[in-house]
Every structure is written in structure tokens, then in C-alpha cells.
Amino acid sequence: MPFTIAIDGPAASGKGTISRALAERFGFHHLDTGLLYRAVGARGGDPIGAARMLDPDDLKRPDLRSNEAGQAASRVAAIPEVRDALVTFQRDFALREPGAVLDGRDIGTVICPEAHLKLYVIASDEVRARRRAAEIGADEAETLAALRERDARDSARATAPLCAAADAITLDTTAMSIGEAVSRAIAEVESRYPKA
Ligand code: C5P
């Protein structure tokens with residue numbers, strides 16, 4: 001039975017960095033589920049059709065990281081049929097041996113409610129905006145406004161809103177270095193993963 005790690009949290013909280021580091025450390029597969037929604041948003045046209053026809057090559061588009069792609073993603077992510085169309089791909093991915101790390105907004109609550117470890121990664125709005133603006137080379141104030149708009153939409157939507165699963169461990173990375181946040185996450189996996 002593969003080991004499953006669910007990592008959720010608001011935009012730019014550090015969940016992507018932590019997920020990649022855990023996958024590397026334990027030899028697990030990693031899926032950034034935000035990319036699926038970004039790719040659907042970037043296709044334009046009918047988002048439900050785009051989600052049903054999503055091709056792995058769509059995830060390689062170079063423009064998916066921008067603030068605009070994030071906004072488009074969060075708009076299509078509020079459509080229940082778009083979310084439904086992406087469930088099977090994510091659940092199948094979670095079954096890959098020897099394990100998988102999936103990061104997003106609803107992994108611990110909807111996609112993998114039986115995950116062996118659930119982390120809910122948060123950080124202050126200002127720290128998240130600073131990190132994301134530096135990562136994508138965008139203006140910090142503009143990025144802060146974009147993150148807040150996206151978080152509000154993601155938290156308020158009726159289907160699979162952004163929220164911590166009841167059994168998730170919250171990791172506040174506001175005052176942590178990347179190394180500290182990753183060490184904390186590794187320790188949580190080690191205490192649960194029999195082969196660690
Ligand atoms: O994680 P990232 O910021 O790339 O996600 C982009 C958008 O995709 C989020 O703002 C959210 O609306 C949507 N998303 C989602 N569920 C996920 C992952 C992302 O609704 N599991």
C-alpha cells in the first residue's frame with residue numbers, strides 16, 4: 001500500500017517547496033495539483049471541456065506560474081464539473097508506489113481523505129507575497145492583492161473550499177527558513193512511514 005502525503009494551504013505558503021523536498025527525500029512521486037487548474041484556466045474557452053480533455057503536455061506551458069494564470073485557475077476551480085473531471089487523475093496518482101505527495105487546496109479533505117499524513121501549511125499574507133513576487137519576478141504589492149483575492153475566492157467557494165482537514169497538522173512557516181520548514185515536515189513523515 002503506497003504512502004500518501006496531503007499538503008494543503010493558501011497560495012505561496014511554502015507547500016510546493018515542502019512537497020518537492022519530501023518527494024526527493026523519500027523517493028515519492030509529487031503532483032502539484034494547482035498546475036491542473038492553471039492549465040485548465042490557461043486553455044481558455046469552455047473550462048469543463050478543457051478539464052475533461054486535459055493533456056499532460058498542457059502542464060508544461062511556460063506561462064502557468066504568473067499571477068494572471070493563478071487568477072484564471074481560481075476562477076475555473078470554483079466550477080464543480082471542472083473539479084469532478086480532475087478527481088480520478090489525482091486519486092490514481094496518489095496510488096503510485098512507493099508513495100506520493102500531492103499539494104493543493106482540497107487534498108486532505110476531498111482527494112485523499114485517508115492520507116497517512118496531512119499538513120496544512122500557512123504563512124502571513126506579507127511573507128507569502130514577498131516569496132511569490134521574488135519567485136516570479138512580479139511587483140510585491142500587486143502580488144499581495146492577487147493572493148488575497150485568490151484566497152478569498154478559494155475559501156468562499158461552495159465545492160471543496162480551501163480549509164484544513166480536521167486531522168491535519170498546521171505548519172506556520174512565517175518565521176521559518178525553508179530548511180526549518182522542510183525538517184519539520186520530514187520529522188512528521190519519519191514518525192509515520194515504516195521504511196523511513
Ligand atoms: O497552488 P496554486 O496556487 O498553483 O493553485 C492555483 C489555483 O488552483 C488556486 O488558487 C485554487 O483556486 C486552485 N486549486 C484548487 N484545488 C487544488 C489546487 C489548486 O482549487 N487542489
Side-chain angles (χ1 to χ4, degrees), residues 4-23 29-44 47-48 50-51 54 58-94 100-115 118-123 125 127-136 138 142-165 168 171 173 181:
T4 312
I5 304 174
I7 306 197
D8 292 300
S13 55
K15 59 190 190 305
T17 306
I18 293 171
S19 301
R20 281 189 296 276
L22 289 181
H29 304 275
H30 170 229
L31 180 64
D32 169 0
T33 65
L35 267 189
L36 304 175
Y37 295 92
R38 285 173 182 263
V40 170
R43 282 278 290 262
I48 299 171
L54 197 66
D58 293 337
L59 307 182
K60 296 179 190 151
R61 287 177 62 137
D63 54 351
L64 295 183
R65 287 277 157 217
S66 68
N67 282 331
E68 292 72 24
Q71 293 295 355
S74 105
R75 275 186 222 105
V76 299
I79 304 169
E81 292 86 349
V82 166
R83 307 197 69 83
D84 282 349
L86 301 173
V87 167
T88 305
F89 177 79
Q90 295 174 82
R91 289 202 177 132
D92 286 350
F93 191 96
V101 186
L102 284 81
D103 75 88
R105 303 292 186 291
D106 63 340
I107 308 303
T109 49
V110 175
I111 302 296
C112 303
E114 310 294 335
K118 298 179 187 179
L119 293 178
Y120 191 72
V121 184
I122 58 171
D125 293 1
V127 163
R128 293 189 294 122
R130 200 175 310 137
R131 289 177 187 159
R132 180 52 56 90
E135 181 195 334
I136 63 175
E142 218 172 81
T143 302
L144 177 62
L147 291 184
R148 283 183 168 153
E149 188 185 331
R150 209 140 64 82
D151 290 346
R153 197 185 292 121
D154 291 347
S155 304
R157 71 182 175 221
T159 310
L162 164 68
C163 67
L171 195 58
T173 68

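Only this structure's heavy atoms are used, side chains among them; waters, hydrogens and symmetry mates stay out. Counting starts at 1 for both ligands and their atoms, in listed order.
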The answer for which part of Arg153 has a heavy atom under 4.0 Å from ligand 1 is neither
Give a yes or no on whether the backbone of Pro10 and the side-chain of Ser13 come within a donor-acceptor separation of less than 3.5 Å. yes
Checking the side chain of Arg157 only, and the main-chain atoms of Ala160 only, is there a donor and an acceptor separated by less than 3.5 Å? yes
Decide yes or no for Val101 and His29: does some side-chain heavy atom of the first lie under 4.5 Å from some side-chain heavy atom of the second? no
As an exercise, identify every atom of ligand 1 less than 4.0 angstrom from a heavy atom of Gly104. 17 (C), 18 (C), 21 (N)
Given that the side chain starts at C-beta and the backbone is N, CA, C, O, which of these parts of Arg150 lies under 4.0 Å from ligand 1, counting heavy atoms, or is it both or neither? side chain
Among all the protein's non-hydrogen atoms, which is closest to atom 1 (O) of ligand 1, and how far away is it? Arg105 NH1, 2.9 Å
Is Gln90 in polar range of ligand 1, meaning some N or O pair under 3.5 Å apart? no
Please classify the Arg75 to ligand 1 contact at 4.0 Å (heavy-atom distances, strictly less than): side chain, backbone, both or neither. neither
Is there a side-chain contact between Leu54 and Leu86 (heavy atoms, below 4.5 Å)? yes
Qualifying residue for salt bridge (Lys or Arg N to Asp or Glu O under 4.0 Å) with Asp63, from Arg61, Lys60, Arg65: Arg61
May I ask you to decide whether Arg105 forms a salt bridge with Asp8, counting only side-chain N to carboxylate O separations under 4.0 Å? no
Identify the protein heavy atom lying closest to atom 13 (C) of ligand 1, giving its residue, its atom name and the separation to 0.1 Å. Ala77 CB, 3.7 Å
At less than 4.0 angstrom from any non-hydrogen atom of Ser74, what atoms of ligand 1 do you find? 10 (O), 12 (O)
Quick one: look up the protein heavy atom nearest atom 14 (N) of ligand 1 and list residue, atom name and how far away it is. Tyr37 CD1, 3.6 Å
Candidates Asp106, Val110, Leu35; heavy atom nearest atom 21 (N) of ligand 1 found on Asp106
Is there a side-chain contact between Ile79 and Arg83 in this structure, where contact means two heavy atoms from C-beta onward sitting under 4.5 Å apart? no
Here the atoms of ligand 1 under 4.0 Å from any heavy atom belonging to Ala73 are 6 (C), 7 (C), 8 (O)
Test your reading of the model: is there a side-chain donor-acceptor pair from Gln71 to the backbone of Ala146, 3.5 Å cut-off? yes
Can you tell me which residue and heavy atom of the protein come closest to atom 12 (O) of ligand 1, and the distance to 0.1 Å? Asp154 OD1, 2.6 Å
With a 4.0 Å cut-off on heavy atoms, is Arg83 in contact with ligand 1? yes
Test of proximity, Arg65 against ligand 1: N or O pairs below 3.5 Å: no
Short N or O distance, Asp103 and ligand 1, threshold 3.5 Å exclusive: no
Tell me, which protein residue and heavy-atom name are nearest atom 4 (O) of ligand 1, and how many Å apart are they? Arg38 NE, 2.6 Å
Is Arg20 salt-bridged to Asp103, going by a charged N under 4.0 Å from an acidic O? no
Could you check atom 18 (C) of ligand 1 against the protein and tell me its nearest heavy-atom contact, residue, atom and distance included? Thr33 OG1, 3.3 Å
Is a donor from one side chain sitting under 3.5 angstrom from an acceptor on the other, for Ser74 and Arg150? no
Among Arg131, Lys15, Arg128, which residue satisfies the side-chain hydrogen bond (donor to acceptor under 3.5 Å, both in side chains) criterion with Thr173? Arg131
